[in-house]
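Residue numbering restarts at 1 for every chain, and letters A, B, ... go by the order of the sequence lines. Computed from a predicted structure; not experimentally measured.
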Amino acid sequence: AQSVTQLDSQVPVFEEAPVELRCNYSSSVSVYLFWYVQYPNQGLQLLLKYLSGSTLVKGINGFEAEFNKSQTSFHLRKPSVHISDTAEYFCAAEWGTGGSYIPTFGRGTSLIVHP
Amino acid sequence: KAGVTQTPRYLIKTRGQQVTLSCSPISGHRSVSWYQQTPGQGLQFLFEYFSETQRNKGNFPGRFSGRQFSNSRSEMNVSTLELGDSALYLCASSPRTGGQTEAFFGQGTRLTVV
């Protein structure tokens, strides 16, 4: 079965520092990749997505991610975080199998930004 | 444009009972997907409905079922509730099906089974 692995369950960081949240997926064949953010007591909101084309994807709130086919990674980065970035972040992938796209989510990474 | 609306927001049920959760998608969206979120298993895909037809199904027992109405509103039903069904149930809508599509999530229904 296809899988998505978020390597860190929790990432503490100080405000204005850079951050990288790591995500690996099981196969680069016909894959679409997403990063979502979930604030407390809220649903998920899309940060960015990779469908094809440029491997560097820019999203909302200053986040970006790079699709690395050879390393099957899709790490999320932000050069300078704010307190308001404290949230749960989910990496997700969809593989097209026989026309069926079932999304698979990672377990999530809790980003904690300290003042 | 109104977002995805899930009702109720909170629910407490007893083991063995059944429950129905409701989801109203964004206007014009025809795809509705359901997810179960728990601390232990994370986010797991339950099923997707598109134009009143189930298009995809995750790996959940038959106690979990759903349907979609002609106005794209969707309901999810869980019968014979178990303690392990306690979770946040999220609904997401998309304008179309078939991958590559951003999903818009509701705030979820938190179900507690006692």
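- Side-chain polar atoms of A:Gln2 and A:Ser27 form no donor-acceptor pair below 3.5 angstrom.
- Proximity to chain A is limited to the side chain of B:Arg9, based on heavy atoms less than 4.5 angstrom apart.
- Looking at B:Leu88 and A:Gln38, their side chains come closer than 4.5 Å, going by heavy atoms from C-beta outward.
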Passes salt bridge (Lys or Arg N to Asp or Glu O under 4.0 Å), B:Arg63 versus B:Asp85? Steps please.
CA-CA 10 Å; B:Arg63 299 186 297 108; B:Asp85 296 332; 2.8 Å; yes
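- With a threshold of 4.5 angstrom between heavy atoms, B:Leu43 approaches chain A through its backbone and through its side chain.
- Residue contact with chain B, scored on non-hydrogen atoms closer than 4.5 Å, is absent for A:Gln45.
- Distance alone, capped at 3.5 Å, places no donor-acceptor pair between the A:Glu94 side chain and the A:Tyr32 backbone.
- Using modelled atom types, one finds no donor on one side chain facing an acceptor on the other under 3.5 Å when comparing B:Thr20 with B:Glu75.
- For B:Gln37, the part lying near chain A is the side chain, with the backbone staying farther off; criterion is any non-hydrogen pair under 4.5 Å.
- The CZ atom of A:Phe67 sits 10.0 Å away from the OG atom of A:Ser52 when rounded to the nearest 0.5 Å.
- If you measure heavy-atom distances from B:Ala92 to chain A, you find no contacts under 4.5 Å at all.
- For B:Tyr35, the part sitting under 4.5 Å from any heavy atom of chain A is the side chain, from C-beta outward, and nothing else.
- Only the side chain of A:Tyr36 comes within contact range of chain B, with heavy atoms under 4.5 Å apart.
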